[in-house]
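Atoms within each ligand, like the ligands themselves, are counted from 1 in listed order. This is a predicted model, so every value here is computed, not measured.
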Amino acid sequence: MLFVISGPSGVGKTTITHALLDTFDAVFSVSVTTRECTKVEKQGEDYRFVTEAEFVQMRDSGRLLEHAHVFDHYYGTPRQPVEEAMAAGKLVILEIDVQGAIQIRESRPDAFMIFILPPTEEALLARLRDRSREPEEVIQRRFREATSEMKLARESGAYDVYVVNDDLDKAIEAVCKAVGDEMGRRQRDASD
Ligand code: 5GP
């Protein structure tokens with residue numbers, strides 16, 4: 001099953017993704033990006049960090065399943081590892097933005113997609129500030145982009161389930177349950 005998880009930055013989707021990887025025999029799709037690697041990230045694990053020329057080459061030769069321009073950088077999902085893991089019957093997790101999720105919805109209508117929401121916009125702003133990775137003007141910009149991402153997610157109708165992350169443990173439980181239920185449903189349908 002192809003599983004997509006999205007949500008604005010600061011909403012907790014990376015933590016939820018790690019919990020999914022601990023719970024299921026799943027494969028995380030390592031995206032390519034032109035943004036810089038931060039001190040806590042590892043090349044090839046969190047992302048494959050590439051130059052813009054490499055990204056364009058991959059995109060134009062059809063080697064990306066989807067791609068998007070987010071916060072001034074390019075991001076994309078390499079096609080081959082996803083197709084190989086799916087052929088091996090694995091659950092494949094894509095942590096991508098709404099623009100990418102809309103493309104996946106078109107090319108893979110049977111993908112299962114969850115969008116993580118903050119309890120309120122104020123709570124999201126507070127979380128972005130708490131992380132304090134960036135100066136206030138960057139936080140404000142991320143907040144504006146998060147608000148429009150949530151609006152686009154709703155309007156696109158691309159997502160199957162919306163989970164509000166009010167309490168992280170409960171949000172993890174809700175996402176794991178939704179994924180487990182969906183896999184069970186598909187297995188039953190396949191054996192009917
Ligand atoms: P960050 O730079 O904070 O890791 O990610 C910024 C945004 O890009 C997040 O919303 C993240 O989900 C999204 N993103 C990461 N990888 C991909 C990808 O391969 N494709 C798309 N469309 N979005 C991605």
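Considering both main-chain and side-chain atoms, E66 comes within under 3.5 Å of ligand 1 through a nitrogen or oxygen pair. For ligand 1, the polar-atom distance check finds an N/O of R35 within less than 3.5 Å of one of the ligand's N/O atoms. Residue G76 has at least one N or O atom closer than 3.5 Å to an N or O atom of ligand 1. When only interatomic distances are considered, the shortest N/O to N/O separation between E149 and ligand 1 does not fall below 3.5 Å.
Checked for salt-bridge contact, E134 and R141 miss the test: no charged N lies under 4.0 Å from a carboxylate O. We find that E137 and R144 are not joined by a salt bridge, their nearest charged nitrogen and carboxylate oxygen being 4.0 Å or further apart. Ion pairing between D166 and K170 fails under the 4.0 Å rule for side-chain N and carboxylate O. Comment: E155 engages K151 in a salt bridge, judged by a side-chain N to carboxylate O separation of less than 4.0 angstrom. Checked for salt-bridge contact, D160 and R105 meet the test: a charged N lies under 4.0 Å from a carboxylate O.
Within the listing of ligand 1, atoms 6 (C) sit less than 4.0 angstrom from a heavy atom of F71. Taking every heavy atom of E95 and a limit of under 4.0 angstrom, the matching atoms of ligand 1 come to 12 (O), 14 (N), 15 (C), 16 (N), 17 (C). Which parts of ligand 1 touch G100 is read off a 4.0 Å heavy-atom cut-off, strictly below it: atoms 22 (N). Residue contact check: A68 has heavy atoms under 4.0 Å from atoms 22 (N) of ligand 1. For ligand 1, the atoms sitting less than 4.0 Å from at least one non-hydrogen atom of T77 are 19 (O), numbered in the order shown with element in parentheses.
Put simply, F3 and M113 are part of two different groups of oily side chains (I, L, V, M, F, W, Y) that touch within less than 4.5 Å, one to the next.
For atom 10 (O) of ligand 1, the closest non-hydrogen atom of the protein is K13 NZ, 3.7 Å. Ranking protein heavy atoms by distance to atom 19 (O) of ligand 1, first place goes to S31 OG, 2.6 Å. From the protein, the heavy atom lying nearest to atom 13 (C) of ligand 1 is D97 N, 3.8 Å. Nearest non-hydrogen protein atom to atom 7 (C) of ligand 1 is V70 CG1, 3.8 Å. Of the protein's heavy atoms, Y47 OH, 2.5 Å lies nearest to atom 4 (O) of ligand 1. Looking only at heavy atoms of the protein, atom 3 (O) of ligand 1 is closest to R142 NH1, 4.1 Å. The protein atom (non-hydrogen) at minimum distance from atom 6 (C) of ligand 1 is Y75 OH, 3.6 Å.
In this structure, R35 forms no cation-pi arrangement with F49, as its terminal cationic atom is not both closer than 6.0 Å to the ring centre and no more than 45° off the ring axis.
Open room surrounds CD on Q80; 12 or fewer heavy atoms of other groups in view lie less than 6.0 Å from it.
Going from atom OG of S31 over to atom OH of Y74 covers 16.0 Å, rounded to the nearest 0.5 Å. Considering CG of L2 and CG of L91, their distance stands at 8.5 Å, rounded to 0.5 Å.
With a heavy-atom cut-off of 4.0 Å, Q99 does not touch ligand 1 at all. Neither the backbone nor the side chain of H73 comes within 4.0 Å of ligand 1, counting heavy atoms alone.
Classified by interplanar angle (parallel below 30°, tilted 30° to 60°, perpendicular above 60°), the ring pair F55/H67 is perpendicular.
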